[in-house]
Amino acid sequence: MSSRTNKATMHELKLRRLMEHNHRLREELARPRVMVSVASLNDSLINHCRSTKDPLIPALWGPLQKGEDPYAPVEQAGCCSSDVELVSRLLGNTRTTLSAILL
């Protein structure tokens, strides 16, 4: 008898999960939607697409300047005094000793 009740509870659990999933899908289907043509009626979407340069499409927009490309590698500058001070503090050395080591 216990195996029969286990099967029944498993079937009920499966049915409940399917009913909950079906309910979530119906809620999602009932959510109000806006068509793209309606959303672009005031031309804000079209103007944004026309005025915003896409660095991944250089054939359309032309090559970007170094400062405009967000995917360009960042150039590292040489060692500056703040780096020397930070390293000297971390190592516990004086600035002159660290400068002598770096040179």
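Predicted, not measured: the structure shown is a model, and the values here were computed from it.
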Side-chain cluster (under 4.5 Å, hydrophobic types only) that L60 belongs to, other residues: I57, W61
Gap between atom CZ of R24 and atom NE2 of H21 - 0.5 Å precision: 6.5 Å
Pairwise distance CG(L13) to CG(N6) - rounded to 0.5 angstrom: 11.5 Å
Spacing of E27 atom CD and N22 atom CG [to the nearest 0.5 Å]: 10.5 Å
Flag if over 12 foreign heavy atoms under 6.0 Å of CZ, R33: yes
Atom pair NZ/OG1 of K14 and T9 - distance to nearest 0.5 Å: 12.5 Å
